[in-house]
Amino acid sequence: MNNSKNKWLIPLAFTNIYVIWGITFLAISFGLKGFPPFILSGLRFLVAGILMIGYLLSKGEKANSLINWKKNAITGILILTGGTGLVAWGEQYVTAPEAAISIATGPFWFIAIDRKNWKYYFSDKFIPIGLAIGFAGLIMFLKGSVNSNAAHAIANGNLRITAFVVLGLSSIAWVLGSLYSKKNPASQSTFMNIAQQLIVAGLASFLISFLRKEWTDFSVAAVPLSAWFGVLFLIFFGSIVAYLSYIWLLSVKPAALVSTHTYINPIVTVIAGWIVASQSINGGQLYGLFIILLGVLLTNVTKYFRLSKRSKVKIRRVRRFFNRAGRPYQPI
């Protein structure tokens, strides 16, 4: 893929994971109104994967490499079953914004685990500064969310604490899967890799749902229309469009930079919740949002505003010109 296409695709892909995955947290809360968490996850992953692989096979692409299936199985189980499936479980006991905020520690886990790129991460002073500022904003945002009235309407006590711990583990699973995918790429198209990851993750989620006996009291007839709309959004936008953008970005950008979506997602979740579900936004959340945005901007500033060598030469020439012009006249 040439550079001219990347210039357009990279911002578009970042927009997809920033916005769509922010709305996804709200879509999960709608889906949970009719589906148990791992049935919901299994359905969205498996349907999306079957649709994708069916299309690819009809175009003549092959999916008969066991090595590629193994690599994609590990990635899919870690990122999707572990990362996203545990989010669905956690959202039974916390609000959608709280879930989005809880996994916003992703960039820090990326830097802590991705030792291979430590030199790169810390060579750019804006990246650690931006991550630190973003973390401060995250704390403010979480404090404002916990103090809101909506936060206490779902669950209290040990279940909420357990949910936050599980959400933290989901963030670690997501990071491990992302780094594995980046370091162990399968030798086929990105579309086929994602299709295989979705299928394996869907089957793994259904297996967990059987072990947890989620099917015992589940009835398709009892699922409300709002839950079906949530599932449809999760299948086509969350599992296909946004996940495709994410996996592609991992192949062209450092993992810690791609993970900055975890800072933006809570913002989108709160705004979407306010518009769609009439969830309120308090002052603490607003302050946190502003600081989080500042942190993300600093993390990405050198990537999106990097000057070419020619531009740097021109700037140095202009500086020398003004330096000479500003000196007092000295007769020979």
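Both backbone and side-chain heavy atoms feed into the values below; hydrogens, waters and symmetry mates do not. FYI, the numbering just counts along the sequence from 1. Predicted, not measured: the structure shown is a model, and the values here were computed from it.
- Without hydrogens or angle criteria, Glu214 side chain to Ile39 main chain gives a donor-acceptor distance under 3.5 Å.
- Hydrophobic clustering keeps Val165 apart from Ile172 (ILVMFWY residues linked when any side-chain heavy atoms are closer than 4.5 Å, directly or through intermediates).
- A distance of 13.5 Å separates CZ in Phe164 from CG in Leu169, rounded to the nearest 0.5 Å.
- Counting only residues at least two apart or in different chains, salt bridge (Lys or Arg N to Asp or Glu O under 4.0 Å) contacts with residues 48-57 are absent.
- Tested against Phe25 for a side chain to side chain contact (heavy atoms under 4.5 Å, CB included), the candidates Thr95, Val270, Ile103 yield a single pass: Ile103.
- Rounding to the nearest 0.5 Å places OG of Ser187 at 4.0 Å from CG of Asn68.
- Closest of all the heavy-atom pairs between Glu61 and Ser189 is OE2-OG, 2.5 Å.
- The shortest non-hydrogen separation linking Val19 to Val268 is O-CG1, 3.4 Å.
- The CZ atom of Phe191 sits 8.0 Å away from atom OH of Tyr55, with the distance rounded to the nearest 0.5 Å.
- Hydrophobic clustering (side-chain heavy atoms under 4.5 Å, transitive across Ile, Leu, Val, Met, Phe, Trp, Tyr) keeps Ile194 apart from Leu66.
- A ring pair (Phe, Tyr, Trp, His ring centres under 6.0 Å) with Phe35 is found for exactly one of Phe218, Trp89, Phe30, namely Phe218.
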Steps toward side chain to side chain contact (heavy atoms under 4.5 Å, CB included) verdict (Ser181, Ile247)
CA-CA 8 Å; Ser181 172; Ile247 294 297; 4.3 Å; yes
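- Side-chain atoms of Tyr243 and Trp248 include no donor-acceptor pair closer than 3.5 Å.
- In this structure Lys59 satisfies the salt bridge (Lys or Arg N to Asp or Glu O under 4.0 Å) test with no other residue, sequence neighbours excluded.
- Separation of atoms CE (Met52) and CG (Leu244) is listed at 6.0 Å; rounding is to 0.5 Å.
- Taking the six-membered ring where tryptophan is involved, the planes of Phe206 and Trp215 are tilted, since the angle between them lies from 30° to 60°.
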Are Ile23 and Thr269 close enough, and set up right, to give a side chain to side chain contact (heavy atoms under 4.5 Å, CB included), and what steps lead you there?
CA-CA 5 Å; Ile23 300 174; Thr269 304; over 6 Å; no
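- Identified under the salt bridge (Lys or Arg N to Asp or Glu O under 4.0 Å) test for residues 224-240, with sequence neighbours left out: none.
- Contact annotation: the side chain of Asn64 never approaches that of Trp69 to less than 4.5 Å [non-hydrogen atoms, C-beta and beyond].
- Between atom OH of residue Tyr180 and atom CD1 of residue Ile77 there is a gap of 10.5 Å, rounded to the nearest 0.5 Å.
- Put simply, the residue from Phe14, Tyr18, Trp174 that forms a ring pair (Phe, Tyr, Trp, His ring centres under 6.0 Å) with Tyr246 is Trp174.
- Each side-chain hydrogen bond (donor to acceptor under 3.5 Å, both in side chains) pair with one or both residues in residues 216-227, not counting sequence neighbours, would appear here, but there are none.
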For side chain to side chain contact (heavy atoms under 4.5 Å, CB included), just list the numbers for Leu43 and Val231, CA-CA rounded to whole Å, side-chain angles, deciding distance to a tenth of an Å, and then say yes or no.
CA-CA 8 Å; Leu43 181 63; Val231 170; 3.8 Å; yes
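- Hydrophobic clustering (ILVMFWY, side-chain heavy atoms < 4.5 Å, transitive): Ile275 and Ile28 are in one cluster.
- Through direct or indirect side-chain contacts shorter than 4.5 Å among Ile, Leu, Val, Met, Phe, Trp and Tyr, Leu207 is connected to Leu211.
- Contact detail for Ser245 and Asn16: the closest heavy-atom pair is OG-ND2, 2.9 Å.
- Side-chain N or O atoms of Thr81 include one that pairs as donor or acceptor with a backbone N or O of Ala201 at under 3.5 Å.
- Summarising the geometry, atom CD1 belonging to Ile79 is positioned 11.5 Å from atom CD1 belonging to Ile74; distances are rounded to the nearest 0.5 Å.
- Using a 4.5 Å cut-off on side-chain heavy atoms (C-beta onward), Leu86 and Leu167 make no contact.
- Under the 3.5 Å distance criterion, the side-chain polar atoms of Ser239 are matched with a main-chain donor or acceptor of Leu234.
- Between the Thr75 side chain and the Lys71 main chain, a donor and an acceptor come within less than 3.5 Å of each other.
- By the 4.5 Å heavy-atom criterion applied to side chains, Leu198 and Leu46 are not counted as neighbours.
- Taking the side chain as every heavy atom from C-beta outward, Phe233 and Leu26 never approach each other to under 4.5 Å.
- Taking both residues in full, the closest heavy atoms of Arg44 and Ile235 are given as CA-CG1, 3.6 Å, listed atom of the first, atom of the second, then distance.
- Screening residues 174-183 for salt bridge (Lys or Arg N to Asp or Glu O under 4.0 Å), with sequence neighbours left out, gives Asp114-Lys183.
- Using modelled atom types, one finds a donor on one side chain and an acceptor on the other under 3.5 Å when comparing Asn193 with Gln188.
- When all heavy atoms of Tyr93 and Ala163 are compared, the closest pair comes out as CB-CB, 4.0 Å.
- Tracing side-chain contacts under 4.5 Å through hydrophobic residues (I, L, V, M, F, W, Y), one reaches Leu232 starting from Val47; they form part of the same cluster.
- Arg212 places a side-chain heavy atom less than 4.5 Å from the side chain of Pro37.
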Run the numbers on Trp21 and Thr24 for side chain to side chain contact (heavy atoms under 4.5 Å, CB included), then give the verdict.
CA-CA 5 Å; Trp21 271 346; Thr24 292; 3.5 Å; yes
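- Across all non-hydrogen atoms, the minimal contact from Ala173 to Gly83 is CB-N, 4.1 Å.
- Put simply, the side chain of Asn265 gets close to the backbone of Ile17: a donor and an acceptor are under 3.5 Å apart.
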